There are 2 protein chains.
Amino acid sequence: MRHTLAASAAVLAFAAASSVHAEEGMWTFDNFPIARANQTLGTNINQAWLDRVRLSSVKFGGCSAGIVSAEGLVMTNNHCVATCVANLSTQAVNYAETGFTPRTREEERKCPGGTAEILTDIADVTERMHAAGAGLEGQAFTRARDAEAGRIEQEACGGDPGKRCQVVSLYRGGQFKLYTYKKYSDVRLAFAPEDRAATFGGDLDNFSFPRFAIDAAFIRLYENDAPAATPVHFVWNASRPVEGTPVFVSGSPGATQRLLTQDQLMTIRDVVLPMDQLLASELRGRLIRFSEESDENAFIAMDPIVSLENTYKRGLGRMRALVDPAFMSMKADAEADFRQRFNALRMQRSRDAVAAEQARDGGAPIIHLPSEDPFGRLAEIQPIARELYPAMALLEGGTGLGTTPVAGGSQLFLWARTLVRGAQEREKPSAERLPEFADSRLAAVQSGLFAERPVYEDLEQVRMEWWLSKTREWLTVDDPRIKVLLGAESPETRSAQLVDGTSLGDPAVRRALWEGGLAAIEASDDPMIRYLLELQEPTRAIRSDWEARVQAPTDRASEQLAAARFAAYGDAVYPDATGTLRLTYGKIEGSDVPGQRWGPFTTFDGLWDRATGAPPFDVAPKLLAARSRIDGDTVMNMTLSSDTIGGSSGSPVVNEAGEILGANFDSTVLTQRNAYGYDRNVNRSVIVTTGAVTAALRDVYGMERLVEELGAE
Amino acid sequence: MRHTLAASAAVLAFAAASSVHAEEGMWTFDNFPIARANQTLGTNINQAWLDRVRLSSVKFGGCSAGIVSAEGLVMTNNHCVATCVANLSTQAVNYAETGFTPRTREEERKCPGGTAEILTDIADVTERMHAAGAGLEGQAFTRARDAEAGRIEQEACGGDPGKRCQVVSLYRGGQFKLYTYKKYSDVRLAFAPEDRAATFGGDLDNFSFPRFAIDAAFIRLYENDAPAATPVHFVWNASRPVEGTPVFVSGSPGATQRLLTQDQLMTIRDVVLPMDQLLASELRGRLIRFSEESDENAFIAMDPIVSLENTYKRGLGRMRALVDPAFMSMKADAEADFRQRFNALRMQRSRDAVAAEQARDGGAPIIHLPSEDPFGRLAEIQPIARELYPAMALLEGGTGLGTTPVAGGSQLFLWARTLVRGAQEREKPSAERLPEFADSRLAAVQSGLFAERPVYEDLEQVRMEWWLSKTREWLTVDDPRIKVLLGAESPETRSAQLVDGTSLGDPAVRRALWEGGLAAIEASDDPMIRYLLELQEPTRAIRSDWEARVQAPTDRASEQLAAARFAAYGDAVYPDATGTLRLTYGKIEGSDVPGQRWGPFTTFDGLWDRATGAPPFDVAPKLLAARSRIDGDTVMNMTLSSDTIGGSSGSPVVNEAGEILGANFDSTVLTQRNAYGYDRNVNRSVIVTTGAVTAALRDVYGMERLVEELGAE
């Protein structure tokens, strides 16, 4: 038996080595392959280094960021503060146009609803979570798990407003970890460049290289109305970057789907991506035309269009990956390898069981493996997922698969949903609620709900009208849910009634309704509130259906696959990205694949060369005016071979010495296959350098006080 | 040898029977399976019946139609005259709103650019065409074929303006036939209902059933400024239709892709449809928002939106078909069967060759089969097709695969292209020109170019702007062709310069430029003409590239497959649809598949029930006002099991007696798989009945004079 085990271990070690490529992986901080990274890169990092990097890394909304001074100063991307900038701007005082350049620290302004978090602790709660779901099926399984997560979070963080606790499912249920964050609810905007300086080339240059964008901005963490003390932080290094330098990128990549089976990927290829992309494309057309109607509309629609085009272009890259024969055959080979190992391990298990029985010594099988066939189970789920996806995505969202925004992302609609559901759910004990309203999550819900954000009714109308009309189209007009959504009205009329009639744009109204609880909600005659009350039955029904028939069985099967994967490959595998802190590594490196050949650096001189004067290839006015002051040879952007994805935006790029060299802000369009698998040949992250940021602060925007704070002179 | 041959024939007969299902097939009139249809339907039609039906069938633009009186009256769909109605309307006098109901024959109005054709003769020219391409490769092959087709057409029709000759490639090059048409260049609008009566339910009910649409209209053929004498015509039968009645549908289905190999279909699934649909979706969004900006814009955009939504929804049905595992495995099985037969026949051929050599009697192989592997050749072409498709579709069009309109369908751009290319091409001998400018085709070119059509600059601007912006996006901004397209301008500025500056909206200007030839074109300072002159190099280059590397080798391989298909299945196979006259047969029948269960009929009472008052479920005002006069039990629409597709719109539905029972106007969304294969279970054509049309003419629109002409009382 030992011999067998030993032999298996040797095989597994080789398997692990061959299953993960050098520089592949968005690793958790508690399972980072230190030795392997040091060996690959020729570096010498250790656990203390990891701890410092972790404590200097910040999650900011859906983005990443890094602390760069002892007084709470944090660098992220400009596109990560775009919503904050839009919220603080009016058409008359439009910081997207002018840049936001406060002369004093006192002029730094609070981002409405902005929060920032630092990961302080990781604890294993796998056993508790697995125990909670044991023996359960369908929605009971999902609910029990959700409730247990809520309990764990509540126990760990209580009502402490300075902390957030989050139970994170890793390896698709293979592990559960409790992440504890120090939380900052007062985040102020300290600097943003002119938007065009950050978005030079617009959507056309997005997801591409060579690139010429100062996509950087600064926020500041506040505590008790004063800048937070942050003694642990990255050291600013604005010297010229060197090709081949080993680097680490620390951030919170949003979501990858690398552990999905081929059957699951086909659902994404055939159903999810086509629907999401087609819907986004029409909304894009509506918004583009809307923005052309007036200067005001152009101002209002700018942020939504940029964000939509980003999502759309990423989706396009993913569609292409899933129909790329070479890439898909690589994925198929990997799955075939895993299936073979999985079957071998199952056979080994039965042989062991037989041997144990023969020996009558009660010896248990050496590896715990499921008796079911999780591959087959996942295949069986796909026709149901394909059938339910459109209704689930359009009416409820939260599939974890797609990008179509419920209600077109209408802020008024989403506030109303939070108010109505929040009131209904808070009537129940925390463990019985929809998980997003568990006690441990209420602080975040309220902070989003009470934030003072401008609401543009015309834009809300475009969003709602698009959503109602597309939902009717995809669910078909005779679907009974459409009667609830529209009654006898057209999408145009219905959305106008709701948007024009609601008072939810007023934060005081939202606060009063939230604090008034269910009684206030049920007594409200606000049309958006009444509407959301009517929608509860059909939207909760599709969610239940999805959870019971798709989510729960998927979770169970994925958990079994995760166990098998650990058994087959050891823990030299990393989990799919889940919007939580990860560390990835690589080198400063250009690209050498056909159609994509370039060195790793661009300079300001390259920017001047590429500019045509016509949007989006017009240089931002202040940047252009500063041309003579800027050293044209300063590196603006660079590429790395590190493994990043959306959500990694703003991630600090750090060298072996713990110095920050730049902020990740993009990757190339070929890199979008990255959602499904890392490909060392084409995977390139795009970085704005600290050198370019220093030049912008000093030579363009008169932000010497920040330059000084960074110690950059 | 005879034994072998006899045995093969028996096998082939069985194969033929199993390869085409009952009621499947868009058959040419010279190869209609009379016996088989009679046997399946229990009818007794013969060659004389076929001839009468053919001579009563009309091709009208991209639609089909049927002659219904001896004085040139023709029924088609309202959506087939929508462009004519739009061209004859102004915002003040909008026939789409009011219906077009001329009280006298003299008030019937000419459709700008409208032509109608009746197929009078079919002759086989396969040998000439095959000989023309023999031994040639690449573009030389394509050009030689095109030139030979032009010569054949010119020889047969000369300059006769009352005829059109067309060499039609059938079975993807397996056969070539010369179709001769009697041509009417004076086509007048005789009746159109209110648009909403024809489009009740709008895009939502499009491609669906139950349906409640009077999608019918009448045109009249004129000769020498008088109604044409049409002694051969369908007899109007407005009696209540009966479920199970055998019917025939005679029309010109546009294009099917049933003979494509799996590899070719994957290109459509992975590249063609996604791109076309995403682009259409964005244009749709832009047009919808445009139409909401003012009543004028709503008027202008109505026809383009309806047409775009129709194409888009059809594409959606096709995308779904190509990812339907059951349907695709049916397709895969059919190909496997064909490949097996193909290989068996090749082996048989070599055995025969050996036997012949042994016998030294000079006996030739019994079946002529290619020595090459056309399946493999087609597979090799696909990566090239995938690479070239976006540029070819966006810059040049005419791939025969997709639907993206060059220049967004801008009328001004397309006129300019015709003028510039026409002038350049007419400098050469007919046989050396681009085939669309061969002598035999010039009459049609001129008729389109000189037609008096309104041009809406705002709409042209939307189209051009969309096209320039999407072409830049898909080809990427650094593609050298984009520099030619845009220079340093943005799509917005560039399109405004062209649309605002051109005089091509004036038909006299177009005529003068056409008649002035190349000298006039080169001397013109019209910006759209100058633009098209600049575009000739890149657009002709991508076309040459596509023809040489995709079209020509595809044509050759397809021709070889066609020969193999005849050998394997006999001539009990029908060619893919090519926009030429076909006859299909089936029964009046509802549907009984999950999610799609309904009887074959709807009535006016059903319309009143479905109406909500909100567009597009508002009953047209005149129709609603006539409610009390209409027998609510009159059948409005019905479904058939016959095999139809886009282009079949307006096709007369005929019974065994040669009586017309209605006009085909649609099919269900599930039927869209029909492009790739016929599925008896789900394939349903949607028909507006003669009974409903009679009621509309008589009870709603006061068109008694037409009712009388139809002999319907």
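In what follows, every chain begins at residue 1, and chains take the letters A, B, ... in the order their sequences are listed. Given the structure is predicted, the values throughout are model-derived calculations rather than measurements. Note that these values count all heavy atoms, side chains included, but never hydrogens, waters or copies made by symmetry.
When heavy atoms are compared at a cutoff of 4.5 Å, A:Arg494 does not approach chain B at all. Residue contact with chain A, scored on non-hydrogen atoms closer than 4.5 Å, is absent for B:Pro383. Using a 4.5 Å cut-off between heavy atoms, B:Leu278 contacts chain A through both its backbone and its side chain. Both the backbone and the side chain of B:Gln277 come within less than 4.5 Å of a heavy atom in chain A.
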CA sep, side-chain torsions, deciding dist, call: B:Glu282, A:Ile288, side chain to side chain contact (heavy atoms under 4.5 Å, CB included): CA-CA 9 Å; B:Glu282 186 182 322; A:Ile288 286 173; 3.5 Å; yes

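Between A:Val323 and B:Arg386, the shortest heavy-atom distance links the atoms O-NH1, 3.5 Å.
Residues of residues 308-321 of chain A that come within less than 4.5 angstrom of chain B, heavy atom to heavy atom, are A:Tyr312, A:Leu316, A:Met319, A:Arg320 in numerical order.
Of the candidates A:Arg286, A:Arg289, A:Glu293, A:Glu292, A:Arg289 is the only one forming a side-chain contact (heavy atoms from CB on, under 4.5 Å) with B:Phe290.
Here the side chains of B:Asp203 and A:Arg472 are not in contact, with every heavy-atom distance at 4.5 Å or above.
A distance-only check finds no donor-acceptor pair linking the side chain of A:Ser490 to the backbone of B:Pro615 [under 3.5 Å].
Using a 4.0 Å cut-off between charged nitrogen and carboxylate oxygen, B:Asp270 and A:Arg269 do not count as a salt-bridge pair.
Taking CD from A:Glu473 and CG from B:Leu204, the interatomic distance works out to 7.0 Å, rounded to the nearest 0.5 Å.
Taking chain B as the reference chain and counting heavy-atom pairs below 4.5 Å, the highest number among A:Gly201, A:Ser281, A:Ala614 is found for A:Ser281. Chain B forms more heavy-atom pairs under 4.5 Å with one residue of A:Asp478, A:Leu287, A:Leu486, A:Thr493 than with any other, namely A:Asp478.
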